[in-house]
Amino acid sequence: MLVTHRKLTPGKLVIASHNAGKVREIRALLEPYGIEPVSAGDLGLPEPEETGTTFRENALLKAHASASAANLPALADDSGLEVAALGGRPGVYTADWAERQAFEGLPGRDWYMAMGKVEGLLAEQGPDVDRSARFVCTLALAWPDGHAEIFEGRAEGRLTWPPRGKLGFGYDPVFVPEGRTQTFAEIPPAEKHAISHRADAFAKLVSGVF
Ligand code: IMP
């Protein structure tokens with residue numbers, strides 16, 4: 001089926017995220033396309049509550065909120081980790097599992113706590129548990145007139161323990177992509193950008209809108 005996407009012309013594009021790790025990766029991925037990325041944080045845009053129950057709903061919610069507040073096209077990424085043995089959890093709640101408020105009554109996010117929670121649930125299933133997992137990335141590109149385009153990417157792999165590596169962000173230290181032995185946090189950024197779920201979604205975005 002031939003799908004026609006609205007084209008994105010060179011100029012300013014809001015990166016509708018307040019997550020520094022994501023903003024850094026999205027900037028690097030957009031660099032070659034004559035796009036001037038500005039982050040929602042730099043523009044002082046409010047961070048909408050992620051009330052959706054799917055990656056798609058949350059990505060659209062963030063992209064539309066930034067596009068209308070800034071009167072510019074806006075790109076949002078909603079992503080997460082789906083663990084096979086946990087029935088796809090944490091999924092859309094991946095960031096929430098790191099909220100210290102929920103588990104420790106403190107502000108901020110603790111990725112080691114979140115990775116430990118996933119590992120604890122896997123360990124409950126015994127030493128032969130299926131450790132396969134995937135990262136999912138849904139990109140929503142929205143324009144101020146309400147039009148939006150969606151692109152979805154995946155990176156398959158398995159979870160390791162203990163965490164390894166200092167690069168990347170979030171759950172990178174426990175995720176070993178398919179065909180590799182290093183975790184995402186041990187793989188140099190340029191290489192991660194070639195094989196990640198975000199790279200997969202971006203490849204689709206680039207072929208659709210540029
Ligand atoms: P949200 O899309 O802002 O709801 O958050 C998704 C969460 O998934 C992030 O905060 C990270 O913890 C995790 N995540 C998404 N992409 C990656 C990645 O490339 N590496 C590690 N963790 C990721």
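Just follow the structure's listing: the first ligand is 1, and inside any ligand the first atom is 1.
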Quiz prompt | Close approach of Phe184 to ligand 1, heavy atoms, under 4.0 angstrom | solution = no

Practice problem: Please answer whether the main-chain N or O of Ala98 pairs with a side-chain N or O of Asp110 as donor and acceptor at a distance below 3.5 Å. | Solution: no

Quiz item: Of all the heavy atoms in Gly80, does at least one lie under 4.0 Å from an atom in ligand 1?
Solution: yes

Quiz prompt | Per-atom contacts, ligand 1 versus Asn19 - under 4.0 Å to a heavy atom | solution = 10 (O)

Exercise. Check whether any side-chain heavy atom of Ser79 lies under 4.5 Å from a side-chain heavy atom of Lys22, and answer yes or no.
Key: yes

Quiz item: Quick one: do Trp111 and Ile187 end up in the same hydrophobic cluster if we chain Ile, Leu, Val, Met, Phe, Trp and Tyr together by side-chain heavy atoms under 4.5 Å apart?
Solution: yes

Quiz item: Checking ring-ring contact (aromatic ring centres under 6.0 Å, His included) for the pair His193/Phe202: CA distance, chi angles, key distance, verdict?
Solution: CA-CA 10 Å; His193 295 165; Phe202 254 86; 9.4 Å; no

Quiz item: Relative to atom 7 (C) of ligand 1, which among Ala114, Ser79, Gly170 owns the nearest non-hydrogen atom?
Solution: Ser79

Exercise. Classify the contact between Trp111 and ligand 1 as side chain, backbone, both or neither, using a heavy-atom distance cut-off of under 4.0 Å.
Key: side chain

Exercise. Starting from atom 20 (N) of ligand 1, find the nearest protein heavy-atom neighbour and note its residue, name and distance.
Key: Asp172 OD1, 2.5 Å

Practice problem: Give the atoms of ligand 1, by number and element, whose distance to some non-hydrogen atom of Asp78 is under 4.0 Å. | Solution: 1 (P), 2 (O), 4 (O)

Quiz prompt | Side chain proximity check, Tyr171 to Pro90, heavy atoms < 4.5 angstrom | solution = yes

Quiz item: Tell me: protein heavy atom nearest atom 4 (O) of ligand 1, and distance?
Solution: Glu50 OE1, 3.1 Å

Quiz item: Is the backbone of Val174 close enough, under 3.5 Å, to the side chain of Thr160 for a donor and an acceptor to pair up by distance?
Solution: no

Quiz item: Just which atoms of ligand 1 are under 4.0 Å from any heavy atom in Thr94?
Solution: 7 (C), 8 (O), 13 (C)

Self-check item: Atom indices of ligand 1, in the order listed, that fall short of 4.0 Å to a heavy atom of Lys22
Solution: 1 (P), 2 (O), 3 (O), 5 (O)

Quiz item: Under 6.0 Å from the six-membered ring centre of Phe184 and within 45° of its axis: does the NZ or CZ of Lys192 meet both?
Solution: yes

Quiz item: Less than 3.5 Å between some nitrogen or oxygen of Tyr171 and one of ligand 1, yes or no?
Solution: yes

Exercise. Considering only non-hydrogen protein atoms, determine which one is nearest to atom 23 (C) of ligand 1 and report residue, atom name and distance to 0.1 Å.
Key: Phe135 CE2, 3.5 Å

Practice problem: Flag Arg198 as yes when one of its N or O atoms lies below 3.5 Å from any N or O atom of ligand 1, and as no otherwise. | Solution: yes

Quiz item: Are Ile15 and Val38 close enough, and set up right, to give a side chain to side chain contact (heavy atoms under 4.5 Å, CB included), and what steps lead you there?
Solution: CA-CA 6 Å; Ile15 304 176; Val38 280; over 6 Å; no

Exercise. Give the atoms of ligand 1, by number and element, whose distance to some non-hydrogen atom of Lys192 is under 4.0 Å.
Key: 18 (C), 19 (O), 20 (N)

Quiz item: Hey, does Lys62 sit under 4.0 Å from ligand 1 if you only count heavy atoms?
Solution: yes

Exercise. Specify whether Phe175 and Phe135 have parallel, tilted or perpendicular ring planes, treating 30° as the upper limit for parallel and 60° as the lower limit for perpendicular.
Key: tilted

Exercise. Below 4.0 angstrom from a heavy atom of His197, which ligand 1 atoms are there? Numbered from 1 as shown, please.
Key: 16 (N), 17 (C), 18 (C), 19 (O)

Exercise. Verify the distance criterion only: is there a donor paired with an acceptor across the side chains of Asn19 and Ser17 at less than 3.5 Å?
Key: no

Quiz item: Considering distance alone, does some N or O of Arg109 sit under 3.5 Å from an N or O of ligand 1?
Solution: no

Quiz item: Quick one: are Asp172 and Leu167 in side-chain contact, heavy atoms under 4.5 Å?
Solution: no

